[in-house]
Protein chains: 2
Amino acid sequence: MADGPTINTIAERAGVSIASVSRVLNGLPTRQETVRKVMAAADELGYVRNAVARSLKSRRTHQVAFAMADVGNPAYLAMLRQIQPVLKAAGYRLVLHSTDAVVADEIDVLHSLGERYVDGLIMSPLRVTEAHLQMLAAARTPVVIIGQVPDGTRVDNVRADSRTGVRLAIDHLYALGRRRIAMVNGPLDTVPGAARGAAYREALQDLGLPYDENLVQIGDFYRAEGGRAVAELLARVPDVDALMCANDLIALGALDVLRAAGRRVPQDVAVVGMDDTDLAAASWPSLTSVSLGSAERGKAAAELLLERLQGGDREPRRVTVPPELVIRASTAGEPVGPGGPGAGYGQRTDEGGKA
Amino acid sequence: MADGPTINTIAERAGVSIASVSRVLNGLPTRQETVRKVMAAADELGYVRNAVARSLKSRRTHQVAFAMADVGNPAYLAMLRQIQPVLKAAGYRLVLHSTDAVVADEIDVLHSLGERYVDGLIMSPLRVTEAHLQMLAAARTPVVIIGQVPDGTRVDNVRADSRTGVRLAIDHLYALGRRRIAMVNGPLDTVPGAARGAAYREALQDLGLPYDENLVQIGDFYRAEGGRAVAELLARVPDVDALMCANDLIALGALDVLRAAGRRVPQDVAVVGMDDTDLAAASWPSLTSVSLGSAERGKAAAELLLERLQGGDREPRRVTVPPELVIRASTAGEPVGPGGPGAGYGQRTDEGGKA
DNA sequence: TTGTAAGCGTTATCAA
DNA sequence: TTGATAACGCTTACAA
């Protein structure tokens with residue numbers, strides 16, 4: 001297979017210099033006749049500009065990287081779905097990294113910015129270590145961090161507010177008359193686990209409800225573990241009337257177990273999840289869930305990055321996306337069929353699978 | 001912010017030529033003393049090789065593109081999840097394109113291969129047009145197509161077998177004693193709609209069941225539309241005892257409507273979905289679904305591409321991934337709680353959302 | 001309006 | 001073992 005045509009090939013064919021070819025290709029003032037010849041030659045040869053050579057010269061790749069912890073995690077995918085179109089519209093290609101929840105991989109990605117294969121990076125790290133901060137300070141490439149960074153860190157930063165999110169949910173349950181509100185959490189040594197646990201305690205306090213250790217059950221952020229945790233909880237505290245679950249998968253596990261135990265949801269026990277993933281709308285009863293605004297965070301991050309890419313230097317900015325309580329059947333009242341409250345009709349047609 | 005160091009900076013600092021620097025960096029035979037000096041200089045300067053310059057010289061970018069129709073579609077995401085680690089392990093970066101189901105965008109992506117910003121492409125087109133075939137024939141970059149291409153097309157090709165998939169489901173329903181098996185399909189002018197509709201008809205025929213037009217309902221591949229279609233169907237054919245749904249979302253809509261109508265699933269009506277998305281395991285009752293092997297197709301495509309990237313030329317290959325019927329509660333018997341059949345425990349911990 | 005030539009940061013050839 | 005030098009394909013002064 002022969003090599004592809006370059007501006008040299010075209011120049012030769014059109015009988016002009018490579019400079020003229022470049023001018024025509026870039027729409028710089030050129031004699032009509034020359035334009036014609038060059039365009040003709042380019043057309044005939046099926047010429048396409050070499051992006052690598054252009055990048056070397058221009059020092060811009062028109063690529064942006066998004067480093068997420070886990071390609072399988074719906075929260076990151078929600079970000080991805082928003083980031084992609086924003087970048088595409090601005091003429092940037094998206095390079096996707098999955099760091100598999102390994103800190104060393106995240107550092108690798110930051111280090112690789114030195115290779116200059118992207119103009120910018122959006123990263124959503126699990127937690128920000130000292131190593132992260134060092135790399136960030138040294139980076140010559142614009143970075144936007146989705147997550148918590150220490151105050152004063154000079155990076156654009158988009159954050160969620162899971163504390164307020166938990167409070168929204170607890171207030172909602174309280175307003176429904178629930179007073180024995182349990183927390184089913186993931187491990188406390190994770191950032192979300194710790195934050196959500198603390199927020200639960202605070203929210204109870206502000207409502208004047210006692211903090212009862214028996215009402216707190218630690219499991220893991222998966223469905224089966226969530227179910228097990230809830231089973232233990234029910235055995236210990238049979239009079240529990242609401243479950244605040246630290247994510248949607250735990251909540252799904254809770255629904256499984258409550259159903260098996262013959263407890264009606266929401267009549268006997270109300271259930272709230274977090275993250276508002278697709279699964280929340282799909283489950284039955286559909287699941288009330290605290291959206292932490294993954295989609296909005298993705299969008300905000302992409303926009304911050306573009307701003308910096310196009311606008312040049314400015315002070316680092318911080319955006320906090322407010323949480324939102326999405327009320328569905330698991331707390332709202334009677335579980336209902338199509339068209340009823342919380343069935344989620346018409347909300348997410350973007351999930352459609354035609355393949 | 002000063003420019004980053006290049007081999008020139010290092011050469012100067014180490015007091016050697018750029019050629020020596022390059023040799024050291026590439027591990028070519030060099031005097032120990034020179035190696036030491038160069039490494040020291042590189043370390044002090046925090047030097048990282050410029051990927052763009054290397055690509056220009058080597059004509060390899062170590063990037064591969066994946067063009068999917070829709071970042072929101074779980075089937076493509078399942079592919080992505082498999083493709084990503086395979087490429088990463090082989091040292092390739094992943095460039096993600098979303099063509100938004102627009103044919104012109106797919107052609108654009110194929111055209112952009114001429115820019116040589118990637119070494120290869122995996123594409124999952126909605127349907128393959130004449131324009132696609134022309135671009136493919138002209139492409140100087142290895143391409144793997146996930147989907148149907150005409151026989152004789154000279155591309156690596158990975159395909160599903162939805163025909164056999166539908167048959168598996170119908171056979172399953174038949175074996176359960178169902179005889180009034182309806183088909184709830186999406187639009188017939190889509191590739192999956194047409195294929196699944198035809199396969200339904202064939203499967204009935206082979207089982208000696210009559211093809212009854214009343215049992216076929218066309219809607220769209222979304223939950224609300226699926227629900228509406230099933231409502232119409234129930235009104236017209238009250239004695240239907242099984243629903244073959246053309247995808248999982250339609251099946252979820254079916255569950256909504258059946259529940260509202262007081263029909264028990266699966267006792268009164270059995271329900272089967274297609275694509276085996278996350279939603280199938282999350283719904284209640286959990287949904288029997290035909291997996292078309294999205295994950296396996298993604299993996300196979302990535303492997304085919306790597307083979308060609310690393311191994312050089314060979315004849316185009318075709319891989320067909322067999323479908324698989326994943327039996328859950330919506331056909332299997334009593335809907336059950338945790339631990340019971342079809343509850344999906346321990347199957348998909350990769351979905352866990354900690355964020 | 002056009003061509004010559006330098007340069008983007010590498011790698012690789014060829015003499016020394 | 002090393003350095004000077006020519007690519008890779010493009011953009012852009014600078015001269016003509």
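Source: prediction; values computed, not measured. Below, read A as the first sequence line, B as the second, and so on, with proteins coming before strands; counting in each chain starts at 1.
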B/Ser20 side-chain N/O to D/dG3 phosphate OP1/OP2 under 4.0 Å: yes
N or O in side chain of B/Thr34 less than 4.0 angstrom from D/dT2 OP1/OP2: yes
Over how many whole Å does the gap from [X] atom [atom1] to [N] atom [atom2] extend?
| X | N | atom1 | atom2 | value |
| --- | --- | --- | --- | --- |
| A/Glu12 | D/dC10 | CD | P | 14 Å |
| B/Glu115 | D/dC10 | CD | P | 11 Å |
| A/Ile10 | D/dG9 | CD1 | C1' | 11 Å |

B/Ser112-B/Asp108 side chain donor-acceptor pair, cut-off 3.5 Å: no
Test log, rule side-chain contact (heavy atoms from CB on, under 4.5 Å), inputs A/Val103 and A/His132: CA-CA 9 Å; A/Val103 171; A/His132 283 90; 3.7 Å; yes
Sugar-phosphate only, base, or nothing, as touched by A/Val16 at under 4.0 Å among non-hydrogen atoms: sugar-phosphate
Aromatic plane relationship, B/His97 with B/Tyr117 - under 30° parallel, 30 to 60° tilted, over 60° perpendicular: perpendicular
Residue whose nearest DNA chain D nucleotide is more 5′ - B/Val35 or A/Val52: B/Val35
Over 12 foreign heavy atoms within 6.0 Å of CD, A/Gln32: no
Contact check, side chains of A/Val95 and B/Gln63, non-hydrogen atoms, under 4.5 Å: yes
B/Val143 side chain near B/Leu113 side chain, heavy-atom distance below 4.5 Å: yes
Protein proximity profile, nucleotides 8-16 of chain C - base contact B, sugar-phosphate-only contact S, no contact -, cut-off 4.0 Å on heavy atoms: BBBBBB---
